[in-house]
There are 2 protein chains.
Amino acid sequence: MNPKDLQATAGLLERIGRLLATDAHSSGLAPVQWEVLRYLDRANEFSRSSAALTAYLGSTKGTVSQTVKALEQRGLVTNLPSKQDRRRNRLSLTATGKKLLLDDPMMVWPRALNALPETEQQRFHETLEKLVRDRLQSQGRQAFGMCRDCKYFGREHENGQPHYCKLLEVPLSDAASEQICFEQVAAYGQE
Amino acid sequence: MNPKDLQATAGLLERIGRLLATDAHSSGLAPVQWEVLRYLDRANEFSRSSAALTAYLGSTKGTVSQTVKALEQRGLVTNLPSKQDRRRNRLSLTATGKKLLLDDPMMVWPRALNALPETEQQRFHETLEKLVRDRLQSQGRQAFGMCRDCKYFGREHENGQPHYCKLLEVPLSDAASEQICFEQVAAYGQE
DNA sequence: TGACTGCCGTTTCGAGTCGATACTAAAGGA
DNA sequence: TCCTTTAGTATCGACTCGAAACGGCAGTCA
């Protein structure tokens, strides 16, 4: 494709971004607030801190602190100091927060995607993944992949749990292996 | 793909949206301000008004008015009343605005896309276009396509110009036919 | 046992977005 | 001429964002 067409494709990405933002905005919470809720719902225990959230959002700790505070005031999130290291905090969704997530405006997209042919869904996902990964990498940012795709992910049984994290040295449940991890390093190369 | 995977694809869209926003943010202007500059650069004369911009952004006229004001104060945009209808305004990029657009942070995406195989570029573009169009349509919003893809676009010669708009009844240059039009209605069906 | 260092989170500041609402002014029909 | 519709502006409160200053705390090195 020539440069002009590639710009048109980028223009579509821009519009998608805007649609995402306005969808979010018109449903009560700010776009970032929704993203925080989604992240907390999908991240594993070690990754539910302000620092991890800051890296995930590509924002600053100040902004994140404020956003968390706003969500706390609405009773959607709790913010407690960690017992191991009292500099850190532990963020969690409240029951209200979890319930609100069922009305996530982002859910219109899976439905739209579902209308596409199966192979097109697959290919679209792969291309998106490539673009996001490349972009994050060129900014020196983490990809925040799923636990089970990590190079430290082990299938050894331990303590009755089916999996094991070789980095943090903890046993992992099946559910945990599908969560987002702050420390995740892709097992497959980034060629 | 199963629902969980479709959600993962939507998650990638979400992250792209965020990358777009932070890229924009960290380069001086707010994301929306960049979008306004890009729109004004690519829209035809009839479409460079606050009303068209409001529809394009899916925002409100109040917000657009403020955004335009901020860009005016920076000397990137001019805002003049229209002579035909003095309620309307005519927005234009200043020379400074046009120059700034050369540093558009969005330009990293065409480069990233260019790294993909040709067929993958094509397919990705088509899928994106489908998603955006469907989403806009389901919200009852306009698509803002290119003049030459419009059902009112005619290839008749007139006044020395190669094309013609059957809706506004004006001759069109080659360049104008590639601009975004407020009135555009897709020539191909929306099945 | 200290002091030094680096990290983590909070607070505050100014510019800007956003939706909502109220407002002004111009166009255009009855 | 009156009245309605339409286009753009002004203002308010909640929120985002980056930057910078601040305080708490863990780990290290002396």
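A, B, ... follow the sequence lines: proteins, then strands. Residue 1 opens every chain.
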Contacts under 3.5 Å, N or O only, protein and nucleotides 21-27 of chain C:
unit_1 : atom_1 : unit_2 : atom_2 : d
C:dA27 : OP1    : B:R86  : N      : 3.2

Can you tell me how far [atom2] of [N] sits from [atom1] of [X], to the nearest Å?
X	N	atom1	atom2	value
B:L29	D:dC17	CG	P	16 Å
B:L57	C:dG19	CG	C1'	14 Å
B:Q73	D:dA10	CD	P	10 Å
B:L71	C:dG16	CG	P	9 Å
A:L80	C:dG9	CG	P	13 Å
B:K69	C:dT17	NZ	C1'	14 Å
B:R18	D:dT16	CZ	C1'	9 Å
B:H25	C:dT17	NE2	C1'	8 Å

Short N-O contact, [X] and [Y], less than 4.0 angstrom:
X	Y	value
B:K98	B:D41	no
A:R18	B:E35	yes
A:E178	B:K4	yes

Would you jot down, in residue-number order, the residues of residues 45-56 of chain A having a non-hydrogen atom under 4.0 Å from DNA chain D?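 Output list: empty, so none.
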Under a 4.0 Å heavy-atom cut-off, which of residues 30-37 of chain B touch DNA chain D? none
Can a side chain N or O of [X] be found less than 4.0 Å away from OP1 or OP2 on [N]?
X	N	value
A:S59	D:dG18	yes
A:R90	C:dC8	no
B:N79	D:dG8	no
B:T63	C:dC18	no
B:R74	C:dG16	yes

Chi angles and distances behind the side chain to side chain donor-acceptor pair (under 3.5 Å) call for A:Q139, B:D23: CA-CA 10 Å; A:Q139 291 179 322; B:D23 280 355; 2.9 Å; yes
Counting C-beta onward and ignoring hydrogens, is there a side-chain heavy-atom pair between A:V108 and A:R111 closer than 4.5 Å?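 A:V108 reaches A:R111 side chain to side chain.
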Specify the residue among B:A70 and A:E72 whose closest nucleotide of DNA chain C lies further upstream toward the 5′ end.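 Mapping each residue to its closest nucleotide by heavy atoms, the 5'-most match is A:E72.
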Would you say [X] and [Y] are hydrophobically clustered, going by side-chain heavy atoms of ILVMFWY under 4.5 Å?
X	Y	result
A:L53	A:V132	no
A:L91	A:L29	yes
B:L40	B:M146	no

Can you name the one residue among A:L101, A:L37, A:I180 that meets side-chain contact (heavy atoms from CB on, under 4.5 Å) with A:R42?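 Going through A:L101, A:L37, A:I180 one by one, the side-chain contact (heavy atoms from CB on, under 4.5 Å) with A:R42 is satisfied by A:I180 alone.
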Does A:R86 have more than 12 heavy atoms from other residues, nucleotides or ligands lying within 6.0 Å of its CZ? no
Check the orientation of A:Y56 and A:Y39. Use parallel for under 30°, tilted for 30 to 60°, and perpendicular for over 60°.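 A:Y56 vs A:Y39 ring planes: tilted.
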Base, sugar-phosphate or nothing for A:T67? Non-hydrogen atoms, less than 4.0 Å. sugar-phosphate
